[in-house]
Amino acid sequence: MVTRFAPSPTGHLHIGGARTALFCWALARDAGANGTFLLRIEDTDLKRSSASAAAGILEDLAWLGIGWDEGPEFADGSVTFGGDPRKVGPFHQSQRQAFYDRAFQQLLASGMAYPAFDTADELAAMRDRARADKRTFIYRRPEGYDHAAACARMQTEEHVLRFAMPEQAVVVHDAVLGAVEFPFAELDDLVIRKADGMPTYHLAVVVDDELMGVTHVLRGQEHLNNTPRHVALQQALGYRTPVFAHLPLIFNPDGSKMSKRDKDKAAKKAVKVVGVESALASAGSVDGFSQTADSLNAWLGDKTAQLGSDQLGVLAGVLTLELPEIEVEDFRSAGYLPEVVCNYLALLGWSKGDDIERFDMDEFSRRFTLERIGKTAAKFDREKLQAFNFDTVQHMDPALLAERWRAWCERYDPQVPQVLGERMAMAAEAARQRAKTLRDLRAPLGFVFIADDEIVYDDKAVAKNLTKNEGEGLCVLRDAAVMLGGLADWSPASIEGAINDFAESQGLGMGKVAQPIRVALTGAAVSPGLGHTLGLLGKTSTLARIERCVKAHS
RNA sequence: GGCCCCGUCGUCUAGUCUGGUCCAGGACACCAGGUUUUCAUCCUGGUAACACGGGUUCGAAUCCCGUCGGGGUCACCA
C-alpha cells in the first residue's frame with residue numbers, strides 16, 4: 001500500500017490539507033511494513049510555487065508528527081523524514097519533466113492527445129457565447145480536425161496539448177461515496193500540457209501516481225469532479241486506477257470555506273473599527289510594518305486585496321485582535337499542541353464508531369479505517385479543539401509541560417524564558433490551570449514580569465480587600481508579612497501550608513488572608529494559587545511588595 | 001445555471017448497509033446546583049436533533065420517491 005500527500009507549495013499548509021495528510025499517514029502506518037506514506041511537491045505552476053513554501057509545508061508536517069517515508073528529505077534534530085528507497089523520485093514535479101514528456105508522446109502517438117491553438121481571448125469568447133446560450137462550456141476537438149496537419153503546425157506555433165476525452169461515461173468508485181457516474185457530456189477535452197511545456201495538474205498527478213506506485217488516493221471532496229478525468233487519463237495511458245477516497249470538506253463555523261482570506265477579512269474589519277489613522281499610529285512604529293495610510297486605504301477598499309501574513313500579524317498584535325487560525329502554522333503560534341491538533345482533526349469526518357474521542361497518534365493509526373470516513377462536511381469548532389488542548393495541558397507531566405512551553409516560547413515569546421529562567425517549571429504549574437494553550441500560560445503570570453516597585457494596584461481590589469472596615473485587610477497583611485518573614489522553606493507547598501496555618505491561628509477564613517496578600521503582590525484580586533504566586537516571586541520580592549503595599553495604603 | 005456530493009442536538013458525531021434493543025447515545029458549547037483562598041478547575045444534574053412531504057411495512061432516523069436546503073465544481077490553479 002502506498003498513500004501520498006501532494007501539496008502545492010504556494011503557502012503554509014492549510015488545516016484541511018493537514019487532515020488529508022493525517023489520514024494518508026494513518027492508512028499507510030496501519031499497514032505496517034507494507035505501508036508507505038509518500039510526500040510529493042506539486043510545483044508545476046512555476047509562477048505561484050516557491051521553495052520556501054515547500055520548506056514550510058515540510059516543517060508543518062514534521063511539527064504535527066506526520067512523518068513521511070518517501071519524499072523530500074527533512075531533518076529536525078534526531079528525526080529524519082523522506083528519502084527514496086524504492087527509487088521513484090524525484091519528488092518535485094518540476095523535476096519530472098521527462099516522465100511527463102513520455103506520456104505526452106504516448107498520447108500524441110495514439111491520437112488521444114492533440115495540439116490546440118486557441119488563444120486565451122478565443123477561449124473566453126467561446127465561454128461567453130456558451131453562457132449567453134445558457135449552455136455549459138465544453139471544449140471538444142473541432143469537427144474535421146486533421147491530426148497530421150495539427151502536429152506539423154505545433155512545431156512552429158504556440159499551443160497546448162489537450163486530451164481527447166473518450167466518448168463514454170466514467171464511473172468513479174470511491175471508497176467513501178460509492179459509485180459516482182459522470183456523463184460524457186460533462187467531460188471536456190482538458191488541457192494536459194500548458195503552453196510553457198509544463199504538464200497540468202491532471203496529467204502530472206496521473207503520471208506520478210502510477211510511476212510512484214500509489215495505491216490509495218485520499219484527497220478533499222473538491223477534487224471529486226476531477227476524478228473522472230484522471231480515470232480516463234489512466235485508462236488511455238494503460239495505467240492502474242488506484243483506490244480513491246474523497247474526504248468531506250471542512251468549513252468555518254458559519255459554513256463558509258476556511259481560507260487564508262479569513263485572516264485578512266478579520267484584520268480589515270478591525271482596522272475599520274478603529275480607523276486607519278489610529279491603526280497606523282500604533283502599528284507604524286513596529287519593525288517590519290511597511291504600510292502607509294494610502295496603502296491601508298487601498299487595501300480596505302479592495303475586497304480582493306490581501307496583506308502579507310507578517311503585516312497582518314503586526315496589525316493583530318497592536319489591535320489585540322485574534323486572527324482566525326487557518327493554517328497549521330497559525331495553530332502552532334497560537335500555542336496548540338500538535339498531538340491535540342491531530343486528535344481533533346482525526347474526528348473531523350471520521351469516527352471509529354465508539355465513544356472514544358481522545359487518542360494519540362499511534363492509537364489513531366491503529367484505529368483508522370477508510371470505511372469509517374464520513375460523507376458530511378464538518379464545521380471547524382475551535383471551542384472543542386481548545387477543550388481538548390486544555391485537557392491535555394492539565395494532564396501533562398509537569399516537567400514535560402515546562403519543556404514544551406520553553407520550546408514554544410523560544411520561537412514565539414523569547415522574553416518568557418529570559419525572565420523566568422529556572423522558574424519556568426514552577427511558572428507552568430502556577431499558570432496551567434487556566435491555560436487552554438501554551439500562549440495562555442503567560443497571561444496569569446503578568447505580575448512576575450513587573451518590577452517590585454511598579455505594581456499598579458486595582459482600585460476596586462484595594463477597596464474590597466485592604467482598606468474596607470478600617471483597613472482590616474492591611475492589618476492581616478502586616479501580620480502575614482511577619483509570619484512569612486520567618487518561613488524557612490519557600491516551596492509552594494510549604495507556603496500554602498504556612499498561610500493556611502496562619503489563617504487558622506488568627507481565626508480567619510482563607511479569603512480574608514489570601515486576598516490581601518494577592519492584592520499586595522500582584523495589584524489584582526486574581527492570581528494563580530498563593531503557594532505558586534509567592535514561590536515564583538521569591539521571599540525577598542514577596543516581602544518587598546507587601547511592605548510597599550502597606551505603605552501605599554496606610 | 002449544468003453536473004456532482006451531502007442533509008441526526010448550536011457544533012463534531014454514534015446509530016442507517018443487516019427496519020424493532022433509539023420517546024435516539026457520546027463529546028464540545030450552553031443552563032442550573034455543589035466544592036473551592038481569587039480566576040479557573042472539578043463534581044452532579046439539565047436543555048437540546050432524526051430537513052420536509054409522500055409511500056413500503058405490524059413497525060422507519062434506518063428502505064423507495066419527491067420537495068426543500070447546504071456545499072463542491074465548471075482555468076494553459078492545484
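Bear in mind the structure is a predicted one, so any value in this text is a computation, not a measurement. Below, chain A is the first sequence line, B the second, and so on; all start at residue 1.
Put simply, A:Arg382 has no side-chain N or O that comes within less than 4.0 Å of OP1 or OP2 on B:C28. Contact check, A:Arg127 against B:C76: a side-chain N or O comes under 4.0 Å of OP1 or OP2. Within the 4.0 Å cut-off from OP1 or OP2 of B:C77, at least one side-chain nitrogen or oxygen of A:Lys194 is found. Not one side-chain nitrogen or oxygen of A:Thr200 sits closer than 4.0 Å to the OP1 or OP2 atom of B:A78. Here A:Lys384 does not reach the OP1 or OP2 of B:C12: none of its side-chain N or O atoms lies under 4.0 Å away. OP1 or OP2 of B:U73 sits under 4.0 Å from a side-chain N or O of A:Lys257. Side-chain nitrogen and oxygen atoms of A:Ser351 include at least one within less than 4.0 Å of the OP1 or OP2 phosphate oxygen of B:A14. Checking the phosphate oxygens (OP1, OP2) of B:G15, a side-chain nitrogen or oxygen of A:Arg372 falls inside 4.0 Å.
Within the nucleic acid shown, A:Phe251 comes within 4.0 Å of sugar-phosphate atoms alone, with no base atom in reach, counting heavy atoms only. Here A:Asp43 lies out of heavy-atom contact (under 4.0 Å) with every strand. Residue contacts for A:Ala387: at a heavy-atom cut-off of 4.0 Å it reaches the sugar-phosphate backbone alone, with no base atom in range. Using a 4.0 Å heavy-atom distance criterion, A:Val160 is classed as a base contact. Here A:Gln433 lies in heavy-atom contact (under 4.0 Å) with a base. Counting any heavy atom pair closer than 4.0 Å across all strands shown, A:Thr44 reaches sugar-phosphate atoms only and no base atom. Across all strands shown, A:Arg162 has heavy atoms under 4.0 Å from sugar-phosphate atoms exclusively, and none from any base. Residue contacts shown for A:Gly509 are absent, as no nucleic acid heavy atom lies under 4.0 Å away. Across all strands shown, A:Lys134 has no heavy atoms under 4.0 Å from either base or sugar-phosphate atoms.
Projected onto RNA chain B by closest heavy-atom contact, A:Arg193 and A:Arg19 fall at different nucleotides, the more 5' of which corresponds to A:Arg19. Residues A:Asp196 and A:Pro253 both approach RNA chain B. Their nearest nucleotides, taken by heavy-atom distance, put A:Pro253 toward the 5′ side.
Counting heavy atoms from C-beta on, the side chains of A:Ile499 and A:Met510 come closer than 4.5 Å. Looking only at side-chain heavy atoms (C-beta outward), A:Glu222 and A:Leu249 come within less than 4.5 Å of each other.
Taking the C1' atoms as reference points, B:A60 lies 40 Å from B:C43, given to the whole Å. The same atom, C1', is picked in B:G59 and in B:C22; the two are 13 Å apart, to the nearest Å. Across B:U62 and B:A27, the matching P atoms stand 26 Å from one another, rounded to whole Å. Taking the C1' atom of each, B:C58 and B:C65 are spaced 23 Å apart, rounded to whole Å.
Across all strands shown, nothing is found opposite B:U41 as a Watson-Crick or G-U wobble partner with both distances under 3.5 Å. With a 3.5 Å ceiling on both atom-pair distances, the Watson-Crick or G-U wobble partner of B:C63 is B:G55. Pairing for B:G1 is with B:C74, a Watson-Crick or G-U wobble pair whose two hydrogen-bonding atom distances lie under 3.5 Å.
Note on A:Arg367 versus A:Asp354: salt bridge recorded, some NZ/NE/NH1/NH2 to OD/OE distance being below 4.0 Å. Between A:Arg439 and A:Glu322 no salt bridge is recorded (no basic side-chain N to carboxylate O distance below 4.0 Å).
Listed by residue number, the members of residues 510-520 of chain A with any heavy atom below 4.0 angstrom from RNA chain B are A:Met510, A:Gly511, A:Ala514, A:Gln515, A:Arg518.
Because its NZ or CZ atom is not both nearer than 6.0 Å to the ring centre of A:Phe364 and within 45° of the ring axis, A:Arg19 does not count as a cation-pi partner of that residue.
Ring geometry for A:Phe137 against A:Tyr139 counts as perpendicular: the plane angle is over 60°, on a 0 to 90° scale with 30° as the lower cut. By the 30° and 60° cut-offs, the orientation of the rings of A:Phe388 relative to A:Tyr344 is perpendicular.
Residues that satisfy the salt bridge (charged side-chain N to carboxylate O under 4.0 Å, His left out) test with A:Asp43, not counting sequence neighbours, are absent from this structure.
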Practice problem: Verify salt bridge (charged side-chain N to carboxylate O under 4.0 Å, His left out) between A:Arg4 and A:Asp208, making sure each step is shown before the conclusion. | Solution: CA-CA 10 Å; A:Arg4 50 74 162 175; A:Asp208 289 342; over 6 Å; no

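Test A:His216, A:His230, A:Gln234, A:Arg40 against A:Asp209 for side chain to side chain donor-acceptor pair (under 3.5 Å) and you get one pass: A:Arg40. Between A:Asp188 and the options A:Arg162, A:Arg229, A:Arg127, a salt bridge (Lys or Arg N to Asp or Glu O under 4.0 Å) holds for only A:Arg229.
Side-chain atoms of A:Glu222 and base atoms of B:G71 include no donor and acceptor less than 3.5 Å apart. Residue side chain A:Asp354 does not reach the base of B:A14 through any donor-acceptor N/O pair under 3.5 Å, judged by distance alone.
Straight-line distance from the CD atom of A:Glu383 to the P atom of B:G10: 15 Å, rounded to whole Å. Protein atom CG of A:Asp188 is 10 Å distant from nucleotide atom P of B:C74, rounded to whole Å.
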Self-check item: Where protein sits on nucleotides 42-48 of chain B, one letter per nucleotide: B base, S sugar-phosphate only, - none, heavy atoms under 4.0 Å
Solution: -------

